[in-house]
Colleague: 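Handing you this structure, nothing more for now.
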Amino acid sequence: DEIKQRKNIISKIQSFHDCLGSDAKILTETEEVQTFNLFGSNLYENLNNKNAIITGGAQGFGLAMVERFVQSGSKVMIWDKDEEIMNQINIKNCLKEVVDVTLYESVSNGFQSSLSKLGRIDILVNNAGIAGPSFKTWEYPNEEWENVINIDLTGVFYCCKVVIPHMREKNYGRIIN
């Protein structure tokens, strides 16, 4: 059942990639538009020798991306706060780091550890996120709202904040939010 679910997610990623094709656009810091195709025409070789961090990569869509990146030639570092689930993952060219994206110190330490293990970071995938509970706006618990914002917004900010200086120094990097 889990394998079928992973194959379904990978198929959705492939469909998403096919929609983007070679016309996918990305804005650089100078607001120039660059055209790129993340997986290229040969889906299994274009990411050779690229090192990626995928947040929330221990399960679901994140794990499917981990598998796809590895299949495409990348070394991947999973950042996830669920150590128990990560301990069950055994994928070649995949390392794991317990990181809580809502805590800047955890993100910073996770980056330093990842950098020492991989040597460089080429790609950051900010995948960690939650939908939160369903409530009418006026009944939504403040604590739940803050949890959603901390993971979905602050976590992305912290990850970008620690990774971007390294990418700028290396004059290369890709971030997928």
Colleague: I'd like to know if the side chain of Ser106 and the backbone of Leu103 have a donor-acceptor N/O pair within less than 3.5 Å.
Modeller: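 The answer is no, because no donor-acceptor pair under 3.5 Å joins these two groups.
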
Colleague: Considering only residues two or more places apart or on different chains, which pairs with a residue in residues 123-143 satisfy salt bridge (charged side-chain N to carboxylate O under 4.0 Å, His left out)?
Modeller: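 Those involving residues 123-143 do not exist here.
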
Colleague: So, using salt bridge (charged side-chain N to carboxylate O under 4.0 Å, His left out) as the criterion, who are the partners of Asp122 when residues are at least two apart?
Modeller: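 Listed in chain order: Arg120.
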
Colleague: Between OG1 of Thr137 and CH2 of Trp145, what distance do you get to the nearest 0.5 Å?
Modeller: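 Nearest 0.5 Å value for the OG1-CH2 distance: 8.5 Å.
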
Colleague: Check ring-ring contact (aromatic ring centres under 6.0 Å, His included) between Tyr104 and all other residues, then give those that pass, not counting sequence neighbours.
Modeller: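 With sequence neighbours excluded, Tyr104 shows a ring-ring contact (aromatic ring centres under 6.0 Å, His included) to Tyr158, given in chain and number order.
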
Colleague: Under a 4.5 Å side-chain heavy-atom rule over Ile, Leu, Val, Met, Phe, Trp and Tyr, are Val125 and Val76 clustered together?
Modeller: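 Yes, Val125 connects to Val76 through the hydrophobic network.
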
Colleague: How would you list, by chain and number, every residue that makes a salt bridge (charged side-chain N to carboxylate O under 4.0 Å, His left out) with Lys117, sequence neighbours excluded?
Modeller: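 For Lys117, the residues satisfying salt bridge (charged side-chain N to carboxylate O under 4.0 Å, His left out) (neighbours in sequence not counted) are Glu97.
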
Colleague: Verify the cluster assignment for Val66 and Ile176: are they in a single hydrophobic cluster under the rule of side-chain heavy atoms below 4.5 Å apart?
Modeller: yes

Colleague: Kindly compute the distance separating CZ (Arg68) from CD (Gln71), expressed to the nearest 0.5 Å.
Modeller: 5.0 Å

Colleague: Only counting residues at least two apart or in another chain, list the ones meeting side chain to side chain donor-acceptor pair (under 3.5 Å) with Thr102.
Modeller: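 Here the qualifying residues are Asp100.
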
Colleague: With sequence neighbours left out, write down each residue that passes ring-ring contact (aromatic ring centres under 6.0 Å, His included) with Tyr140, or none if nothing qualifies.
Modeller: Phe135

Colleague: Within a radius of less than 6.0 Å around NZ of Lys96, do more than 12 heavy atoms belonging to other residues, nucleotides or ligands occur?
Modeller: yes

Colleague: Name each donor-acceptor pair under 3.5 Å that joins a side chain in residues 77-95 to protein atoms two or more places apart or in another chain, with its distance.
Modeller:
unit_1: Trp79; atom_1: NE1; unit_2: Ser114; atom_2: OG; d: 3.0
unit_1: Asp80; atom_1: OD1; unit_2: Asp82; atom_2: N; d: 3.0
unit_1: Asp80; atom_1: OD2; unit_2: Ala58; atom_2: N; d: 3.3
unit_1: Asp82; atom_1: OD1; unit_2: Glu84; atom_2: N; d: 3.3
unit_1: Asp82; atom_1: OD1; unit_2: Ile85; atom_2: N; d: 3.2
unit_1: Asn87; atom_1: ND2; unit_2: Glu83; atom_2: O; d: 3.3

Colleague: To check you understand the geometry: which heavy-atom pair defines the closest contact between Gly56 and Ala128, and what is its length?
Modeller: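 Scanning both residues, the minimum pair turns out to be N-CB, 3.8 Å.
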
Colleague: Can any side-chain N or O of Thr55 pair as donor or acceptor with the backbone N or O of Asn127 at less than 3.5 Å?
Modeller: yes

Colleague: With sequence neighbours excluded, what pairs up with Pro165 under the side-chain contact (heavy atoms from CB on, under 4.5 Å) test?
Modeller: none

Colleague: Could you list all the salt bridge (charged side-chain N to carboxylate O under 4.0 Å, His left out) pairs where at least one residue sits in residues 102-116, not counting sequence neighbours?
Modeller: none

Colleague: Hey, what do you get for CG (Asn147) to OG1 (Thr154), rounding to the nearest 0.5 Å?
Modeller: 10.5 Å

Colleague: Please round to the nearest 0.5 Å and tell me the distance separating atom CD1 of Ile130 and atom CD of Glu144.
Modeller: 7.0 Å

Colleague: Using the side chain to side chain contact (heavy atoms under 4.5 Å, CB included) rule, pick out the option among Val156, Val163, Val162 that qualifies with Leu124.
Modeller: Val163

Colleague: Could you measure the distance from the OG atom of Ser74 to the CG atom of Asn49? Nearest 0.5 Å is fine.
Modeller: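 Nearest 0.5 Å value for the OG-CG distance: 9.0 Å.
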
Colleague: Are Ile121 and Tyr172 connected in a single hydrophobic cluster, I mean Ile/Leu/Val/Met/Phe/Trp/Tyr linked by side-chain heavy atoms less than 4.5 Å apart?
Modeller: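 No, Tyr172 does not connect to Ile121 through the hydrophobic network.
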
Colleague: To the nearest 0.5 Å, how far apart are SG in Cys159 and CD1 in Ile53?
Modeller: 7.5 Å

Colleague: Hydrophobic clusters here meaning ILVMFWY residues chained together by side-chain heavy-atom distances under 4.5 Å, can you tell me if Leu118 and Leu115 are in one?
Modeller: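 Same cluster.
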
Colleague: Centre of Phe111's six-membered ring, under 6.0 Å away, within 45 degrees of the axis: is that where NZ or CZ of Lys161 sits?
Modeller: no

Colleague: Who pairs with Asn126 by side chain to side chain donor-acceptor pair (under 3.5 Å), at least two apart in sequence or on another chain?
Modeller: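 So Asn126 forms a side chain to side chain donor-acceptor pair (under 3.5 Å) with Asn177.
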
